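Quick note on labels: first sequence line is chain A, next is B, and so on, each numbered from 1. No experiment lies behind these values; they were computed from the predicted model shown.
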Number of protein chains: 2
Amino acid sequence: MPRIVAERQDVLPKLAEIFRKRGYDGASLSEIGKATGLGKGSLYHFFPGGKPQMAEDVLAEMDAWFEGNIFAPLRSIPAGDAKEARVRLTEMCKALDAYFKSGRRVCLFGAFALADTREAYAPRIRGYFQRWIEAIARALVVAGRAPADARTEAFDAVACIEGAIALSRAADNPPAFAGAIARLQTRLTA
Amino acid sequence: MPRIVAERQDVLPKLAEIFRKRGYDGASLSEIGKATGLGKGSLYHFFPGGKPQMAEDVLAEMDAWFEGNIFAPLRSIPAGDAKEARVRLTEMCKALDAYFKSGRRVCLFGAFALADTREAYAPRIRGYFQRWIEAIARALVVAGRAPADARTEAFDAVACIEGAIALSRAADNPPAFAGAIARLQTRLTA
DNA sequence: ATGTCTATGGACCGATAGGTACAAACTAAA
DNA sequence: TTTAGTTTGTACCTATCGGTCCATAGACAT
């Protein structure tokens, strides 16, 4: 049997795409096998824990991406540099629009939070949103907001993003997501 | 065989609860049968179209509830009565917190919009959010906002609500939803 | 070339999925 | 009481689910 160039790292994005498209229950191993080009042997070699582990690893990788590309830049703003804080918040908005493909791409954490899949991955999901909110709040404080105000503003910002994904998908109207992100940027950097 | 007092209308709320809890794919006919107390015979008697029709009918009923209890009151505000508009918007917020049980209860339209279930129920889902947004926008205009501003404000409001459900569930923190609703109310009636 | 270890496809498993068929048990009109 | 029509539980169907197993094809060190 030919060895296929399929490192574990190459498989995760494809897995993520399937979970995003079908949801946890809807993603069958046969479809996963087809989409990744991997037989069950390879699949269970990479993920001995089966489907639950696949989802866990996908969430972990997405979490790591956000940590590095979204959360950390917000957290590492030098104290007192309000101007830089506004720049970083603007960059976040830009990165989000790109990542979620203007709402065409779903946030797996959001989708899982609404299903009973949530229970199995509760710590991961909770941690993701918590760190995101805290990172934004930190940036807002540096930008000059009062801490208590920053915290609720950050919560509303993330809520608005997650909701905008659902709404723009419902309306089949990607610009609606981009518009919401633009308004969010204005509001955060005001 | 004994006739069980199970009118179609009594079954729909139970069905809704199962779909909310398990999602479309996760809701199996055996669980549906158990939760409703109905055998497959009765189930297929009430819903000849099977699971797809159950979901469709559940969405239709939820849509009708929102139409009567949320959308219509917003739409029917007398033109020029800004004070009444603020009252109705406040009532909406209160009704939402009750309906979604402070975020413990999921919005089925939002959940479906994120899954590929969306495709099968696209018109229903689209219509629901569209009418909701337009109703809020109408109320905001009556309250004195500029039409263009009202429209985006209404979009953001619904997005924030949908997102807040996901966030408060993720954090397992119902007060977070109630807080978001309270801030929304302030913002809408400002 | 040989042996060792990893990687791989696919046959196979029991369980359960959604759905159909139907006879029995009911109701209501005659 | 008969009859026609409606509800009902359940046995059963096929397809597919997630998961196990294993013979074997690679890679690689000797």
Side-chain angles (χ1 to χ4, degrees), chain A residues 1-60 108 111-112 115-121, chain B residues 1-60 108 111-112 115-121:
Chain A
M1 317 231 163
R3 168 181 243 178
I4 292 178
V5 250
E7 289 303 317
R8 208 188 132 89
Q9 280 303 321
D10 303 322
V11 178
L12 282 174
K14 293 177 184 173
L15 271 179
E17 224 48 57
I18 297 175
F19 281 125
R20 264 192 267 259
K21 194 174 176 196
R22 305 275 182 216
Y24 183 82
D25 288 314
S28 72
L29 284 195
S30 76
E31 186 177 0
I32 289 172
K34 208 163 292 175
T36 58
L38 260 43
K40 292 195 176 181
S42 315
L43 242 23
Y44 274 81
H45 172 70
F46 286 133
F47 308 97
K51 212 164 84 150
Q53 192 191 342
M54 295 178 203
E56 169 65 35
D57 289 0
V58 162
L59 290 180
L108 208 51
F112 277 22
D116 78 335
T117 318
R118 185 191 70 90
E119 273 144 49
Y121 304 97
Chain B
M1 313 240 162
R3 169 181 242 177
I4 293 178
V5 251
E7 289 302 318
R8 207 188 133 90
Q9 280 303 321
D10 302 323
V11 178
L12 282 175
K14 293 178 184 173
L15 270 180
E17 225 48 56
I18 297 175
F19 280 126
R20 263 192 267 261
K21 195 174 174 195
R22 305 274 182 217
Y24 183 82
D25 288 314
S28 72
L29 284 196
S30 76
E31 185 177 1
I32 289 173
K34 207 162 291 175
T36 57
L38 259 45
K40 291 194 176 180
S42 314
L43 242 23
Y44 275 82
H45 173 69
F46 286 134
F47 308 96
K51 212 164 82 151
Q53 192 193 340
M54 295 179 203
E56 168 65 35
D57 289 1
V58 162
L59 289 180
L108 208 51
F112 276 22
D116 78 335
T117 319
R118 185 191 71 89
E119 274 144 47
Y121 304 97

Exercise for the section: Please list, chain by chain and in numerical order, all residues satisfying side-chain contact (heavy atoms from CB on, under 4.5 Å) with Ala55(A), sequence neighbours excluded. Expected result: Phe19(A), Tyr24(A), Phe112(A), Tyr121(A)
Practice task
Output all residues satisfying side-chain contact (heavy atoms from CB on, under 4.5 Å) with Pro13(A), sequence neighbours left out; order by chain, then residue number.
Solution key: none
Spacing of [X] atom [atom1] relative to [N] atom [atom2], expressed in whole Å:
| X | N | atom1 | atom2 | result |
| --- | --- | --- | --- | --- |
| Glu31(A) | dT16(D) | CD | P | 13 Å |
| Leu43(A) | dT6(C) | CG | P | 19 Å |
| His45(B) | dG9(D) | NE2 | C1' | 14 Å |
| Leu38(B) | dT10(D) | CG | P | 12 Å |
| Phe47(A) | dA7(C) | CZ | P | 13 Å |

Practice task
Kindly write out the residues that satisfy salt bridge (Lys or Arg N to Asp or Glu O under 4.0 Å) with Asp57(B), not counting sequence neighbours, or none if the list is empty.
Solution key: Arg8(B)
Problem - Residues that Glu17(A) engages under salt bridge (Lys or Arg N to Asp or Glu O under 4.0 Å), provided they are two or more places apart - result: Arg20(A), Arg105(A)
Problem - Presence of Ser30(A) side-chain N/O under 4.0 Å of dC17(D) phosphate oxygens OP1/OP2 - result: yes
Exercise for the section: Answer whether the closest heavy-atom distance between the side chains of Val11(B) and Met54(B) falls below 4.5 Å. Expected result: no
Handout entry: Stretch residues 18-28 of chain B: residues that reach within less than 4.0 Å of DNA chain C through a heavy atom
Key = Ala27(B), Ser28(B)
Problem - Inter- and intrachain pairs under salt bridge (Lys or Arg N to Asp or Glu O under 4.0 Å), touching residues 26-37 of chain B, at least two apart - result: Arg22(B)-Glu31(B)
Handout entry: Qualifying salt bridge (Lys or Arg N to Asp or Glu O under 4.0 Å) pairs with a residue from residues 37-55 of chain A, counting only residues at least two apart or across chains
Key = none
Pairs under 3.5 Å (N/O, protein and nucleotides 19-21 of chain C):
residue, atom, partner, partner atom, Å
dG19(C), OP2, Tyr44(B), OH, 2.6
dG19(C), OP2, Lys51(B), N, 3.2
dG19(C), O5', Tyr44(B), OH, 3.1
dG19(C), N7, Lys40(B), NZ, 3.0
dG19(C), O6, Lys40(B), NZ, 2.3

Handout entry: Set of ring pair (Phe, Tyr, Trp, His ring centres under 6.0 Å) partners for Phe47(B), sequence neighbours left out
Key = none
